[in-house]
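Below: one structure, written as structure tokens.
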Amino acid sequence: MTRPSLPSAGAFRQFQYPTPPLSRPGGAQSELLAEVNKLESDRNLALVLAEFRNYQQGVLPSGPGARSLTEFFASIDAKLDQTAPAPKTQSSDRDVLNLLTKRANVLHLGPANYCWFTDPSRALCLKLAGTPTTDRPLVGMCDSARCPQATHHPCHRPVWVEHADRTKVFLGQLGTARKTERTRLQGDYDRARRVIGEIDAASTTTDEESA
């Protein structure tokens, strides 16, 4: 089955506004907003498709929301089962994208995780902020190691490794008297190493089981 053709991640990084947003006259600002929304939608769909392909290859998500996402991918995979009767088989590229679109619409990118904002009442960031009815996550307050709607993937591993390495350096520079700061940094370091371990385990479990 040929994979759908979507813009590459590099294409999104290279996108630049043709003109500064506020300099567009009249209704052109709404056109710009539509352009940005379209780019975000395409980006999210490309990311969800990539993670679905990873799932099919045994590279699983990790993090508190991993089980929910894995179950979703399993349901999509079942609908694509080529052994099902022809009328029930969803096999075309467009069918795959259609099945993934709903989940792509709730994807928000954190600095080191994906946020699947399917249920605002379960979002840890909104609970911490005391705004449980907000319609978007507060990414700046995300604690992806505890939020039930957050997942970690191999693409996030370098960020966690860098964080762990920097925290380890800071720990080595602290004097013995700074116990409170040491406790806090040690907790950050331990959390980062745990997330890294979970990402690695989720990426290798299937290969080990099939060996």
Side-chain angles (χ1 to χ4, degrees), residues 1-57 59-61 63 65-66 68-77 79-80 89-126 129 131-142 144 147-159:
M1 180 170 62
T2 304
R3 293 191 179 186
S5 177
L6 286 171
S8 66
F12 294 113
R13 289 193 294 268
Q14 295 169 4
F15 172 75
Q16 295 180 347
Y17 294 115
T19 58
L22 296 181
S23 70
R24 288 198 171 191
Q29 291 186 30
S30 62
E31 294 179 6
L32 173 62
L33 180 60
E35 292 174 16
V36 173
N37 288 340
K38 179 63 166 57
L39 277 170
E40 289 183 349
S41 178
D42 288 348
R43 175 205 64 192
N44 285 3
L45 190 54
L47 291 174
V48 177
L49 177 62
E51 292 307 330
F52 176 63
R53 297 304 187 196
N54 283 340
Y55 162 81
Q56 291 181 312
Q57 296 171 12
V59 180
L60 304 180
S68 174
L69 184 62
T70 300
E71 290 176 349
F72 169 72
F73 285 155
S75 70
I76 299 301
D77 215 20
K79 293 177 181 178
L80 300 173
T89 301
Q90 308 267 350
S91 58
S92 74
D93 291 347
R94 178 46 53 187
D95 286 333
V96 175
L97 295 176
N98 287 340
L99 291 168
L100 295 175
T101 295
K102 185 175 181 180
R103 188 54 64 104
N105 289 339
V106 298
L107 172 60
H108 298 267
L109 308 188
N113 68 284
Y114 290 155
C115 168
W116 307 93
F117 198 65
T118 57
D119 184 355
S121 68
R122 301 180 66 219
L124 178 61
C125 61
L126 300 190
T131 57
T133 60
T134 303
D135 61 359
R136 292 180 65 87
L138 304 174
V139 176
M141 295 184 63
C142 180
S144 64
C147 181
Q149 298 188 128
T151 57
H152 304 129
H153 302 261
C155 62
H156 300 125
R157 190 181 189 279
V159 180

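The figures that follow rest on heavy atoms only: side chains count, while hydrogens, waters and symmetry mates do not.
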Practice prompt. Kindly write out the residues that satisfy ring-ring contact (aromatic ring centres under 6.0 Å, His included) with Phe72, not counting sequence neighbours, or none if the list is empty.
Written response: none
Could you tabulate the donor-acceptor pairs under 3.5 Å formed by side-chain atoms of residues 148-156, not counting sequence neighbours?
| from | atom 1 | to | atom 2 | distance (Å) |
| --- | --- | --- | --- | --- |
| Gln149 | OE1 | Thr118 | N | 3.4 |
| Gln149 | OE1 | Thr118 | OG1 | 3.0 |
| Gln149 | OE1 | Asp119 | N | 2.8 |
| Gln149 | NE2 | Asp119 | O | 3.2 |
| Thr151 | OG1 | Trp116 | NE1 | 2.7 |
| Thr151 | OG1 | His153 | NE2 | 2.8 |
| His152 | NE2 | Ser144 | OG | 2.8 |
| His153 | ND1 | Glu51 | OE1 | 2.9 |
| His156 | ND1 | His153 | N | 3.0 |

Closest non-hydrogen atom pair, [X] against [Y]:
| X | Y | result |
| --- | --- | --- |
| Ala112 | Val159 | CB-CG1, 3.7 Å |
| Ala66 | Pro61 | CB-O, 3.5 Å |
| Val139 | Gly110 | CG1-CA, 3.8 Å |

Give every donor-acceptor pair under 3.5 Å between a side-chain atom in residues 98-108 and any protein atom, sequence neighbours left out.
| from | atom 1 | to | atom 2 | distance (Å) |
| --- | --- | --- | --- | --- |
| Asn98 | ND2 | Arg94 | O | 3.3 |
| Thr101 | OG1 | Leu97 | O | 2.6 |
| Asn105 | ND2 | Thr101 | O | 3.4 |

Fill in: ring-ring contact (aromatic ring centres under 6.0 Å, His included) contacts touching residues 31-56 (sequence neighbours left out)
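Every pair satisfying ring-ring contact (aromatic ring centres under 6.0 Å, His included) with a residue in residues 31-56: Phe52-Phe73, Tyr55-Phe73.
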Enter the distance from [X]:[atom1] to [Y]:[atom2] here, rounded to the nearest 0.5 Å.
| X | Y | atom1 | atom2 | value |
| --- | --- | --- | --- | --- |
| Asn44 | Leu49 | CG | CG | 12.5 Å |
| Thr134 | Phe117 | OG1 | CZ | 7.0 Å |
| Leu126 | Cys147 | CG | SG | 8.5 Å |

Fill in: Qualifying residues under salt bridge (Lys or Arg N to Asp or Glu O under 4.0 Å), relative to Arg157, sequence neighbours excluded
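Result, salt bridge (Lys or Arg N to Asp or Glu O under 4.0 Å) vs Arg157: Asp200.
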Item to complete: For Ala129, enumerate each residue passing the side-chain contact (heavy atoms from CB on, under 4.5 Å) test, keeping only those at least two apart in sequence or located in another chain.
Response: Thr131, Leu138, Met141
Response to the item:
Sorted by chain and residue number, the side-chain contact (heavy atoms from CB on, under 4.5 Å) partners of Asp135 (sequence neighbours excluded) come out as none
